[in-house]
There are 2 protein chains.
Amino acid sequence: MVILDPESNIPLYMQLRTQIIEAIVRGDLALGDTLPSVRGLAGDLGINMHTVNKSYHELEAKGIIEIVPKKGAVIIANTEKGPSNKQREDITEELRPAVAEALVHGMKEADLHQLISELILKMKGT
Amino acid sequence: MVILDPESNIPLYMQLRTQIIEAIVRGDLALGDTLPSVRGLAGDLGINMHTVNKSYHELEAKGIIEIVPKKGAVIIANTEKGPSNKQREDITEELRPAVAEALVHGMKEADLHQLISELILKMKGT
DNA sequence: TTTTTTGTTATAGTAAATATAGAACAGTTC
DNA sequence: GAACTGTTCTATATTTACTATAACAAAAAA
């Protein structure tokens, strides 16, 4: 279930790619599953085909899906095997600003671990 | 020491505000210290005054500095006291996409804690 | 085999975000 | 008084984000 907020300061294509990733994490989508066609999903969400296409290509760049021309997009992310070195570095840089903000407000290492654990629970939950 | 990358896809004002936060985390800037004037810092960095001003106002919105008109910007972030509820929620939402990406690539909770710990070390170190 | 659907590419346009530039104002500091 | 401060205003250029069509060629379905 994807819900986009057109008023958000977060671009639509980012909201979409994040929610697709979370759908995989929840198990709503699994390895080998195919994503809806760019036209189909765009129609359902009431947004433009190119916006969906941009999300898909970002997911492909992250190694989460594979786009087969003229066919469709298939999930290739292996939620069992760990991340590659590059993926791990990308994740680190993505975490950096938020971690810095946490530390500047006095959060301790243990607090951050707790917060992360809560986030994981919420994300994997209903 | 602030270094900006004009070629980055990350806006200058975001790079700047993140690096100021990290400077506080490192201890290069402390509670009560005043930031350089918007004109002064803009000159040093070779960017526009308004760009620096935008960074400062984002830091103020995050409760990290206080801008006193006609005087300057003072650091009010207390790196000892924990974050407010709102700050904690903001940090959680900022972490969400990166955590989702980590999980989709098969990182386990313990792996993420390890990665966070490494990040904190790097951030507080030289 | 015809039709539909697929991702891709190209062009075009609007709106917002980002960054710069210069000027003026009114307090603060020296 | 002079220099410096953040603030506000106008203005402009560039990039990003999003939408809108259209056309293409290959795959899939009828």
Side-chain angles (χ1 to χ4, degrees), chain A residues 2-21 29 32-77 93-94 97, chain B residues 2-21 29 32-77 93-94 97:
Chain A
V2 175
I3 301 177
L4 301 181
D5 176 13
E7 306 304 318
S8 169
N9 55 323
I10 302 171
L12 294 176
Y13 76 93
M14 281 195 194
Q15 293 182 46
L16 179 55
R17 71 147 167 68
T18 299
Q19 291 195 34
I20 291 174
I21 292 174
L29 296 170
D33 286 355
T34 60
L35 294 182
S37 74
V38 290
R39 283 176 236 257
L41 186 51
D44 289 346
L45 298 177
I47 63 177
N48 194 271
M49 166 189 55
H50 297 103
T51 305
V52 176
N53 199 244
K54 184 166 185 173
S55 299
Y56 281 16
H57 279 274
E58 288 221 343
L59 290 170
E60 189 177 43
K62 289 179 183 295
I64 296 172
I65 69 175
E66 183 185 5
I67 303 175
V68 184
K70 324 294 176 189
K71 295 190 71 178
V74 186
I75 297 177
I76 61 172
E93 284 312 305
E94 218 178 324
Chain B
V2 174
I3 301 177
L4 302 180
D5 175 14
E7 307 303 316
S8 170
N9 54 324
I10 302 171
L12 294 177
Y13 76 93
M14 282 194 193
Q15 294 182 46
L16 179 54
R17 71 148 167 65
T18 299
Q19 291 195 34
I20 291 175
I21 292 174
L29 296 170
D33 285 356
T34 59
L35 295 181
S37 74
V38 289
R39 283 175 235 258
L41 185 52
D44 289 347
L45 298 176
I47 64 178
N48 194 273
M49 166 190 53
H50 297 103
T51 305
V52 175
N53 200 242
K54 184 167 186 173
S55 298
Y56 280 17
H57 279 273
E58 289 221 342
L59 291 170
E60 189 177 43
K62 289 179 183 294
I64 296 171
I65 68 174
E66 184 185 2
I67 303 175
V68 184
K70 324 295 175 190
K71 294 189 70 176
V74 186
I75 297 177
I76 62 172
E93 283 313 304
E94 217 179 325

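Order of the sequence lines sets the chain letters (A, B, ...), proteins ahead of strands, with each chain counted from 1.
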> Would one find a side-chain N or O of B:Ser37 under 4.0 angstrom from OP1 or OP2 of D:dC4?
Replying inline: no

> In Å and rounded to the nearest 0.5 Å, what is the CG to CG distance from A:Leu16 to A:Leu41?
Replying inline: 5.5 Å

> Within the structure shown, what part of the strands sits under 4.0 Å from B:Tyr56 by heavy-atom distance: base, sugar-phosphate, or nothing?
Replying inline: nothing

> Considering residues at least two apart in sequence or located in another chain, which fulfil the side-chain contact (heavy atoms from CB on, under 4.5 Å) criterion with B:Glu93?
Replying inline: B:Arg96

> When only distance counts, do a donor and an acceptor, one from the side chain of A:His50 and one from the base of D:dA17, lie under 3.5 Å apart?
Replying inline: no

> Taking the side chain of B:Lys70 as heavy atoms from C-beta outward, which of C:dG7, D:dT19, C:dC25 is closest to it?
Replying inline: C:dC25

> To the nearest angstrom, how far is A:Leu4 atom CG from D:dA17 atom P?
Replying inline: 15 Å

> With no hydrogens and no angle check, is any side-chain donor or acceptor of A:Ser55 less than 3.5 Å from a backbone partner on A:Tyr13?
Replying inline: yes

>> Rounding to an integer number of Å, can you tell me how far A:Leu12 CG sits from D:dA17 P?
In response: 11 Å

> Are there more than 12 heavy atoms of other residues, nucleotides or ligands under 6.0 Å from atom NZ of A:Lys62?
Replying inline: yes

>> Just the rounded figure in Å: distance from P of D:dA13 to CG of B:Asn48.
In response: 15 Å

> Can you tell me how far P of C:dG7 sits from CE of A:Met49, to the nearest Å?
Replying inline: 10 Å

> What integer distance in Å separates B:Leu41:CG from D:dT5:C1'?
Replying inline: 14 Å

> Among D:dT5, C:dT18, D:dA25, which nucleotide sits nearest the side chain of B:Arg39?
Replying inline: D:dT5

> Distance check: side-chain N/O of B:Lys71 vs OP1/OP2 of C:dG27, anything under 4.0 Å?
Replying inline: no

> Taking atom C1' of D:dC4 as reference, at what distance in whole Å does atom CG of B:Leu35 sit?
Replying inline: 16 Å

>> So if I take every side-chain heavy atom of A:Ile67 and compare against C:dT20, C:dT8, C:dT18, which nucleotide ends up nearest?
In response: C:dT8

> For B:Lys54 and D:dT8, what is the distance between atoms NZ and P respectively, to the nearest whole Å?
Replying inline: 15 Å

> Donor-acceptor pair under 3.5 Å: do we get one between B:His57's side chain and the base of D:dG6?
Replying inline: no

> Are A:Thr51 and D:dA17 close enough that a side-chain N or O sits under 4.0 Å from OP1 or OP2?
Replying inline: no

>> Would you say B:Asn53 places a side-chain N or O within less than 4.0 Å of OP1 or OP2 belonging to D:dG6?
In response: no

>> What verdict does the side chain to side chain contact (heavy atoms under 4.5 Å, CB included) test give for A:Ile65 and A:Ile20, after you've listed the backbone C-alpha separation in whole Å, the side-chain angles of each residue and the deciding distance to 0.1 Å?
In response: CA-CA 10 Å; A:Ile65 69 175; A:Ile20 291 174; 5.6 Å; no

> Under 4.0 Å: is that the gap between some side-chain N or O of A:Tyr13 and OP1 or OP2 of D:dC18?
Replying inline: no

> What is the distance, rounded to the nearest whole Å, between atom CG of A:Asn9 and atom C1' of C:dA15?
Replying inline: 16 Å

